Amino acid sequence: ERLMQTDTYLKDKALLASLLSAIKQIAKSGLKQSALSNNRRSIKQWHKILESAHTAEKLNSQNVNAKMLVTNLFLNM
């Protein structure tokens, strides 16, 4: 289902940047809440999402192929 939505973000670089920023904000919030509840499994999950979004954001600024970037991000979430 997530892979079907990738085409929406491939055409607009600003929209992709906004998506990545939003994912990072959500992941930071989730990570904080998981840390407060001391839920190790959830901490690992949110950290993985945050790391994937950060990597995707960095690659997006380096003009990496957007389709590969978004596909990889959504598969790693």
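Being a predicted model, the structure only gives us computed values, none of them experimental.
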Note to self: Within this structure, what is the NZ-CG distance for the pair Lys13 and Asn63, rounded to the nearest 0.5 Å?
What the structure shows: 4.0 Å
Check: Any idea which heavy atoms bring Ser34 and Trp46 closest together, and the distance?
Finding: OG-CD1, 3.3 Å
Next item on the list: Would you give the length of the straight line joining atom OG of Ser37 to atom CD1 of Ile43, rounded to the nearest 0.5 angstrom?
Entry: 7.0 Å
Next item on the list: Nearest 0.5 Å please: distance from the OG atom of Ser18 over to the CG atom of Leu15.
Entry: 6.0 Å
Notebook entry, point to check: According to the salt bridge (charged side-chain N to carboxylate O under 4.0 Å, His left out) rule, which pairs have a member within residues 40-66, sequence neighbours left out?
Noted result: Lys24-Glu57
Next item on the list: Measure the spacing between CG of Leu50 and CE of Met77 and express it to the nearest 0.5 Å.
Entry: 11.0 Å
Margin query: What's the separation between atom CG in Asn60 and atom CG in Leu16, rounded to the nearest 0.5 Å?
Written below: 4.5 Å
Check: Could you give the distance from CG (Leu20) to CG (Leu59), rounded to the nearest 0.5 Å?
Finding: 9.5 Å
Check: Given Phe74, which of Val70, Asn76, Asn72 fulfils the side-chain contact (heavy atoms from CB on, under 4.5 Å) condition?
Finding: Val70
Notebook entry, point to check: Where do Ala53 and Ile23 come nearest, in terms of heavy atoms and distance?
Noted result: CB-CG2, 3.7 Å
